[in-house]
Structures are given as structure tokens and as C-alpha cells.
There are 2 protein chains.
Amino acid sequence: MQVTIKDIAKVAGVSHTTVSRALRGHPSISAETTRHIQQLAEQMGYVPSAVAQSLHSRQTFTIGMVVTTIADPFLPQVVEGVEKVAQAAGYSVFLMSSHNDPEQELTVVETLQRRRVDAIIVTASRVGSLYGDQLERIQVPIVLINNQENGEFLHSIAVDDVQGARLATEHLIEVGHRRIGFVGLLTRPKSNVHRLLGYQAALEKAGIPQDPDLIFLPPPNDDFQCGELALSLHLKHQVTAVLCYNDITAIGLLTTCRRHQIAVPQDLSIVGFDDIEAAQYVSPPLTTIRQPRLRMGELAMRMILDLLNKKSVRDQLLPGELIVRESTLPIYPN
Amino acid sequence: MQVTIKDIAKVAGVSHTTVSRALRGHPSISAETTRHIQQLAEQMGYVPSAVAQSLHSRQTFTIGMVVTTIADPFLPQVVEGVEKVAQAAGYSVFLMSSHNDPEQELTVVETLQRRRVDAIIVTASRVGSLYGDQLERIQVPIVLINNQENGEFLHSIAVDDVQGARLATEHLIEVGHRRIGFVGLLTRPKSNVHRLLGYQAALEKAGIPQDPDLIFLPPPNDDFQCGELALSLHLKHQVTAVLCYNDITAIGLLTTCRRHQIAVPQDLSIVGFDDIEAAQYVSPPLTTIRQPRLRMGELAMRMILDLLNKKSVRDQLLPGELIVRESTLPIYPN
DNA sequence: ATTATCACCGCACACGTGTGTGTTCCCTCA
DNA sequence: TGAGGGAACACACACGTGTGCGGTGATAAT
């Protein structure tokens, strides 16, 4: 059984009110009594109940972090950033997985309501169209990270997919490629379109005619398998370089290339997106667009804190960063 | 402002007691009233307060999941398993990082006490010697996953490091290797020793004399860098195969080999431990010992549930599984 | 000596929910 | 017709903490 302020009060021979005030340093309690009670609390191993405090103060100092699955290699760093800032500010994080299952998503939202979280962060979900109605009912701030729907009524932090994809494509053009393929993923509708737009913008700016055959949208599938299927871009359409929707897809393509004796980057250059951990470990190490995952998590939580303090915030669109490794090579090395 | 049972009571013209009972289907409330109130609750968007319920019932249906950092590639799957079982059982998970910082570890433990979590799961920490005293004070069940200290008073789930390392070493011996190196990590004292024991047991069983020079314990460092440093085993001591403490270390070694034009597996065979995601993506794909991470998380949470139900539980030592990929090769291919 | 001032502390209630113990009303049966 | 009983609900309190307000005693001011 846990020690309460009443227990301390009984031992100290005062009311629980006095104990409460002494522990919080209230000025109307004499210095001596305060010291005595604090010492007593220490001795008795008193730990205040956040539950009772929450009931009274109507804040829980908890936030809900909703992910599809924490096993997605993109997410751990984001969560790390969120947790870091949250902990420093005295908040704790409920981690909840939705698994892209509509029923579980509803359960998650309902659970967060029951738990009276002070705010919610949602990553890479199709929130907005699916269970946006549910979310609007909730009275707490919500921040979306890389969401796949336009929810204007909510706050968001996202990477600039257009700029990132353009940067990657420009890199390929710069080193001499002209037949450049794009591998998209239909499971991420919004950012897929944006990355495609960035790819096209770079081509257009360079005066390279667009060829619809070079845009490959595999049927919804495992990200890795989508990359494997994309080999046809090289075999059928003779592209010399490919921009993949993300690193997993790029690694899938990379793996298939090895199996088919296609040398990367000599025969085919490959660029990914995200810069997950594994990107630097594959061989050849993957050229990619880095998303500042840790910072995105930190920013999301900072935004939450601002919202809770009634400060005004504005949505953030963060630039991607080109990380040149060894999976891309000038087509005509000089 | 959230709807409470009192609000419903006012609208329905009954006491809040009746509302409470109606919503829980108490038999002493008439069927008609029950139906009416439940319908009213639905309409008014009532969501019960877990905070108030916790205060009354003295259970929070939350558990604390303590990790060093969620960015460790070993952990996401474990957390996934925990969260999955927890959610199905109506529990929510607080994710807390300790960052191997003693001060933060204390903060974390104190926070979990304040939050009145029903149980705690700790992964791969030096718990027991460091802040074990703190943990013993807590009255809730604690389960450790792959802990690095012997805390006999606590419950644990761990992979069989001895068996796993023996399995890996036997594999190398079986394909013809006799000069086999071992790369350990001093940052994980307990499992490091166990894996070393497994390695030695396999050598002994095969009648291969032990050579202290082949056991390499790099100074505490980044796991990846430890792998890089281990190249000396090959350069100085002519080993033909190396068992690395974990996959990150193995990948570090792999990367350095590529840089030094050492062909893997032709010149050097490498075995890792853990089977993290990246292991299958590197080239050559890494032969390793798989830890059933998802299942370990599930088992940990199931054990928690059993403990909360006063069932007796026993510690689990799970076998590792040899995953043969392409980083190991017979020394004399036939 | 009476009142004002002040330091210090306790009473009572609130937060939202759940439960033991009444309490009321109606019906039944001797 | 009165007692007994049961159905249906309300009262009051508890969980642990925090706070407005009022009270007590001592000292200072008039």
C-alpha cells in the first residue's frame, strides 16, 4: 500500500492540508514545519499520486503517440525525439499502434480519450479522411507528422516531399543521367504524388522530356517487394538511374540487382528517400534524401507544448537533405 | 469540457449513482432506465475517465516500458510485441527512455511510481546493481528482458546466449573453419560472458585449441566502431571467421572489410547475433543468430498479466535460431 | 483593554467514479 | 389491514490531492 499525505499527516500530527502545502512549499506554512514534513515524506518513501493530481488539476501531463507500427524503421527516431522533449517537460508518452487497422484505430482514439491525454501526435497515417471525425470531437491539440491526408483543421509537421524528390532528381541529372525512372508507392497517396511532382519538376527544368513508361507504380504490396518489381524499369526501359519512393524500396531494388548481376552503381544508379539506419549499411551504401526524423519528433512535441500554452504555432515543412553515398555514379565518369 | 456521469444524470433526471450502475449493467437498475441512460451517454459523447476510475479502483491498467533508447534496432520489435498483447488486454504502455544515464534512470523509475503503473518491463539494462534498490521498493511486478545483471528477485525473459553463440560457432566449425575469432562488447557484461562461453564450448567440443589472441574485446565504444576495430583479428591473427557480439558489430566489420578489399565471405566469414532488420539487407546478407524479439515482447507482457492475476510464472530462457545467409562460406568449398 | 494585523493551520469541498447502506414505493399474502 | 418483501433508486462516503475560506492564538497598535 502506497504512502499518502494523510499517512504523513497522521505521523506529523497535522492535517493533510498542511502536508500538501508543505510539500509544495506554500508560503503560509512555517519554515520549520515545512522542513519537518518534507523530511518525513522522504523517510516514509512518499511518492505523490499522479492519478489523484490529474483528477484534481484536470491535466494528466501525458500525450498519446499514435503509430502504425513501431517496427517501421522510419519511426523509432521520431518517437525518440518526441519522448526526449516530453520527458524534459514533465510529460509521459503513451505509445499506441494502429496497424493500419480501422477498428484498432478507433480503439486507440477511444483509449486516448479515456486516458485524458493532454495532446496527441499521429505519424504517417491516413488520418483525416478515415477517423478524422473522431479526432475533431476530441478537445485536445493534435499534431500530425507526415500525414497522408489534408487535414487543414489540424497541425502538422512534414518533410518537403517535392523539394526532396527534386533534389534527388537534380543530383542524378547533374551527374549525367537522362533516362531516370521513378518508383512510387500507392499506399502513401499524398507524399507519393508530391515526390512524383518533385521528380517531374527537376526533369522539366533540365529540359528532359517526360516518359510515362519511366514512372512505375507497383500494385500495393510490401515496400521491399515493390522495389524488386521495379527492376523492369531497367530491363524493359533502359533507365540508367532510379529514384525510389523510400529506402526500403530502394534496398529491395538493390537486392534484386545483385541477384541479376546488375552492378550498382555502374549499370544502374539508385536513390532512396528517408535515410533510415540501414541505408548506410547496405552495399553499396545508399544515396538518399535524409528526413530529419529526430528533429521532426522534437518539433512535434515542442509544437504540442506551445499549443498547450496557448501560443500560436504554424505548420512546418522541413527540407530534405541530399546524402550522397555510393549507389549513384556519374554516367560518364570524368 | 468533458461529459461526466453527473451531466448525464442531470439530463436523465436521476442520480449519478444510477447512471454509473446503468452504464455497467448493474442488475438493480431497471432494463428500461438502463437502456435510456446508455443511449443518452452515446448521444452526449460520454467517455469514462480512466483517471477517476483508477483513483477509485487503485489500478491504472498501464505498464511502464523502460528502454535505453528506442532507436536501438533491437528494441522496436520487442516493444511491438509488448504493446500488442497489452492493448488486447486493455492495458496501455508508457514508453520511457533511460539513455543509460543514471540520473535519467532514477527519474524514469520515480515517474513510473508517480503514475502508479501496474507493472514494469525493462529491457537490456544494467538494472539490478544500479537502481535495483529503487525497484525493490516498488510494489509492482517487474519483468526484465535480456538484463545484464543477475537480479534473482525479479522475473526475466532472455535469449540463451550460451546456446546461441555455440550454435553460431558450431556452424563455422562445420564448414571447415578452425581459426575463429570472437568480438565481445564490454558494455553488455553478462551476455558478453555468456556468448564467449558458448563460443569456447563449441571450440572445446570440436577439439580446437583456444587462443586468447583470437578473443577481441575492444574498448567501450559505439557497437559499429567495435566491429571496425575487430579487423585486426584478421590482419594480425589470420582468423578465417569471426563471431561478433551482435549484428551492428558484424556490420561494422563487414563495412571495414569492403573498404580494405577483403572479400566476405571468401576471405573472411562473419556471423552476427540478433538478426536485426538490416542483417538481411547488407551485402552479403548476414548469417546470424536470430532472437525472437516479437515473441520476447509478447511473452514479457503475458508474464506481467499472469503476475497481476497472481498466477505463478517461471523465467524463460529462449533458444536462438541460426539463420544462414551469405556472409559465411565453407573454407574449402567442395 | 479592545481591536487590528498577521502567521499559521484546519475545515470543507472539489475533481469523476464506484459501492455499501439505506429509503421509498408498490405489490403480495396471510 | 397490516406486515413482509422485493424492485428501483438516492445518500453518503471513499479513492488522493489541492485550495478557498475561515478560525485560532499571538503580537502590535490605538
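Every chain is numbered from 1 and lettered A, B, ... according to where its sequence line falls, protein lines coming before strand lines.
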Do A/Ser191 and A/Gln148 get their side chains close enough for a donor-acceptor pair, meaning under 3.5 Å?
->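 Short answer, yes.
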Under 4.0 angstrom, heavy atoms only, what part of the nucleic acid is [X] near: base, sugar-phosphate, or nothing?
X: B/Ser30; answer: sugar-phosphate
X: B/His26; answer: nothing
X: A/Thr17; answer: base
X: A/Val51; answer: nothing
X: A/Thr33; answer: sugar-phosphate
X: A/Leu55; answer: base
X: A/Ser49; answer: sugar-phosphate

Go through B/Glu110 and B/Arg115 one step at a time and tell me if the salt bridge (charged side-chain N to carboxylate O under 4.0 Å, His left out) criterion holds.
-> CA-CA 9 Å; B/Glu110 200 252 350; B/Arg115 300 251 175 234; over 6 Å; no
Record whether the side chain of B/His56 comes under 3.5 Å of the base of D/dG16 through a donor-acceptor pair of N or O atoms.
->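 Check fails, no donor-acceptor contact within cut-off.
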If you look at every heavy atom in A/Ala22 and A/Thr34, which pair is closest and at what distance?
->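 Here A/Ala22 and A/Thr34 meet closest at O-CG2, 3.5 Å.
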5′-ward residue of the pair A/Arg24/B/Ala52 relative to DNA chain D | B/Ala52
Side chain of B/Arg21 (C-beta onward), nearest among C/dG20, C/dC9, C/dT17 | C/dG20
